[in-house]
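Right, one structure below, let's go through it.
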Amino acid sequence: MNKTKGHTMSEQTTAHSVSVIGLGPMGQAMVRAFLKAGVEVTVWNRSTDKVDAMVELGAKRAATVAEALDANEVTVVSLTHYAAMYDVLGQALDHLPGKVIANLSSDSPEKAREGAAWVRSHGAEFISGGVMSAGDVIDHPASYIFYSGPKDVFDAHAALLRPLSPQEYLGLDDGLAQIFYQALLITFHPWLIAFDQALATIANAGHSIEQFLPFAQRSSAAYPHFMELAVETVKTGGWGDLASFKMMDAGAQHIIDASTESGVDPVLSKAAQTLWRKAAEATEQTGQPVPIYKLLGGRTA
Ligand SMILES: NC(=O)c1ccc[n+]([C@@H]2O[C@H](COP(=O)([O-])OP(=O)(O)OC[C@H]3O[C@@H](n4cnc5c(N)ncnc54)[C@H](OP(=O)(O)O)[C@@H]3O)[C@@H](O)[C@H]2O)c1
């Protein structure tokens with residue numbers, strides 16, 4: 001493992017300046033957070049109008065990627081995906097040696113690992129981050145950032161990066177921040193869509209979604225309990241037996257009926273029902289419980 005130049009394992013950097021490459025909603029939120037914390041920020045973005053907006057707030061303009069890399073030891077990258085990192089840093093490869101790239105863009109874990117290896121092959125240190133924010137509101141109390149990669153590199157620059165959001169360092173695997181980030185989004189995306197289905201079902205039936213809201217919030221208080229149960233049961237293969245799968249299939253039908261009666265497309269509930277039925281069928285065929293966790297390819301923890 002490479003050592004961060006000029007820092008020991010436990011030392012925090014005293015640097016008070018950083019470069020930010022990529023000024024979409026997230027990059028802009030990061031620039032604002034750095035500036036608010038008194039950190040000097042140099043910015044580069046492909047579209048220069050976004051640079052102008054950040055310069056007006058007090059950031060320094062880099063005319064090229066090379067200038068942005070040269071300006072500071074640490075450059076935060078916030079691009080749509082890792083492919084964009086190659087396009088951007090590829091413009092200034094000979095300015096990478098001795099630098100630190102913190103790529104806080106989201107992508108798959110394997111793309112993050114490949115990106116990390118590529119950056120290191122050009123002489124820079126690398127850490128990866130997954131921004132678990134409430135949209136681009138990185139100063140929301142629930143927002144935080146997963147980091148993974150070499151611990152000494154993270155430790156050396158944690159203080160500099162702290163204005164972005166609370167930090168959760170996960171481990172050495174460069175893909176780990178993205179595994180946890182994507183795992184949480186695996187849950188979040190269907191939840192968002194399911195909540196739309198619930199609201200549409202209520203509104204189309206002529207009832208009040210405001211009246212419903214506190215009950216939805218109250219029910220979500222039980223989710224941590226179900227998460228703990230899921231983690232426990234996954235250790236022995238996952239939740240369910242034939243009677244449970246049949247019960248969930250029947251329950252899914254009631255949900256589908258409720259939405260359909262309101263003229264709402266129950267596509268997500270139909271997908272859930274398909275899985276409960278597959279689990280029941282596999283259980284009947286094998287004579288052993290085949291939980292959905294196993295059907296999907298999960299391993300016993
Ligand atoms: N926004 C959020 O709420 C949020 C929350 C959590 C995580 N994230 C993650 O944070 C990252 C950034 O988010 P964002 O919302 O700011 O993304 P975005 O709107 O997609 O913009 C990111 C930046 O990527 C640049 N870009 C894309 N492809 C490029 C290329 N080939 N060459 C050069 N520049 C390129 C864009 O430049 P141009 O301006 O020139 O187009 C833009 O500055 C994403 O990975 C996203 O998944 C976002």
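As the structure lists them, so they are numbered: ligands from 1, and atoms in each ligand from 1.
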Looking only at protein heavy atoms, which one is nearest to [atom], and what is the separation?
{"atom": "atom 7 (C) of ligand 1", "result": "Tyr181 OH, 3.2 Å"}
{"atom": "atom 43 (O) of ligand 1", "result": "Asn45 OD1, 2.5 Å"}
{"atom": "atom 44 (C) of ligand 1", "result": "Leu79 O, 3.3 Å"}
{"atom": "atom 15 (O) of ligand 1", "result": "Pro25 CD, 3.6 Å"}
{"atom": "atom 40 (O) of ligand 1", "result": "Ser47 OG, 2.4 Å"}
{"atom": "atom 20 (O) of ligand 1", "result": "Thr80 OG1, 2.7 Å"}
{"atom": "atom 39 (O) of ligand 1", "result": "Lys50 NZ, 2.5 Å"}
{"atom": "atom 28 (N) of ligand 1", "result": "Ala84 CB, 3.5 Å"}

Quiz item: Which of these passes side-chain contact (heavy atoms from CB on, under 4.5 Å) with Val76: Val43, Val18, Ile21?
Solution: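 In the set Val43, Val18, Ile21, the residue that makes a side-chain contact (heavy atoms from CB on, under 4.5 Å) with Val76 is Val18.
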Please name the pair of heavy atoms, one in [X] and one in [Y], separated by the smallest distance, quoted to 0.1 Å.
{"X": "Ala29", "Y": "Asp136", "result": "CB-O, 3.4 Å"}
{"X": "Lys99", "Y": "Asp70", "result": "NZ-O, 3.7 Å"}
{"X": "Tyr82", "Y": "Ser128", "result": "OH-CB, 3.6 Å"}
{"X": "Val153", "Y": "His157", "result": "O-CD2, 3.1 Å"}

Checklist entry - Counting heavy atoms only, which of Met85, Met132, Gln178, Arg46 is nearest atom 41 (O) of ligand 1? => result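 Nearest heavy atom to atom 41 (O) of ligand 1 lies in Arg46.
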Q | Options Gly129, Gly135, Ser106, Gly24, ranked by nearest heavy atom to atom 47 (O) of ligand 1, top entry | A |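 Looking at heavy atoms only, Ser106 sits closest to atom 47 (O) of ligand 1.
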When you look for heavy atoms under 4.0 Å from ligand 1, do you find them on the side chain of [X], its backbone, both, or neither?
{"X": "Asp87", "value": "side chain"}
{"X": "Tyr82", "value": "neither"}
{"X": "Gln28", "value": "neither"}

Suppose I only count heavy atoms of [X] and a 4.0 Å limit; which atoms of ligand 1 are within that range?
{"X": "Val131", "result": "6 (C), 7 (C)"}
{"X": "Asp136", "result": "3 (O)"}
{"X": "Leu23", "result": "43 (O)"}

With Tyr147, which of Phe180, Phe126, Phe154 fulfils ring pair (Phe, Tyr, Trp, His ring centres under 6.0 Å)?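 Filter result, single survivor: Phe154.
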Sub-3.5 Å N/O-N/O distance, [X] and ligand 1:
{"X": "Ser133", "answer": "no"}
{"X": "Ser105", "answer": "no"}
{"X": "Val88", "answer": "no"}
{"X": "His81", "answer": "no"}
{"X": "Met26", "answer": "yes"}
{"X": "Ser78", "answer": "no"}

- Query: Charged N to carboxylate O below 4.0 Å: is that the case for Lys60 and Glu67?
  - Reply: no
Electrostatic pair Glu110-Arg113, nearest N-O below 4.0 angstrom: yes
Please tell me whether [X] and [Y] have a donor and an acceptor in their side chains that are separated by less than 3.5 angstrom.
{"X": "Asp249", "Y": "Gln253", "result": "no"}
{"X": "Ser244", "Y": "Asp241", "result": "yes"}
{"X": "Thr201", "Y": "Ser262", "result": "no"}

- prompt: Counting only heavy atoms not in Tyr169, do more than 12 sit closer than 6.0 Å to its OH atom?
  reply: yes
- Say whether Val234 and Ile292 are linked into one hydrophobic cluster, either directly or through other cluster members, by side-chain heavy-atom distances under 4.5 angstrom. no
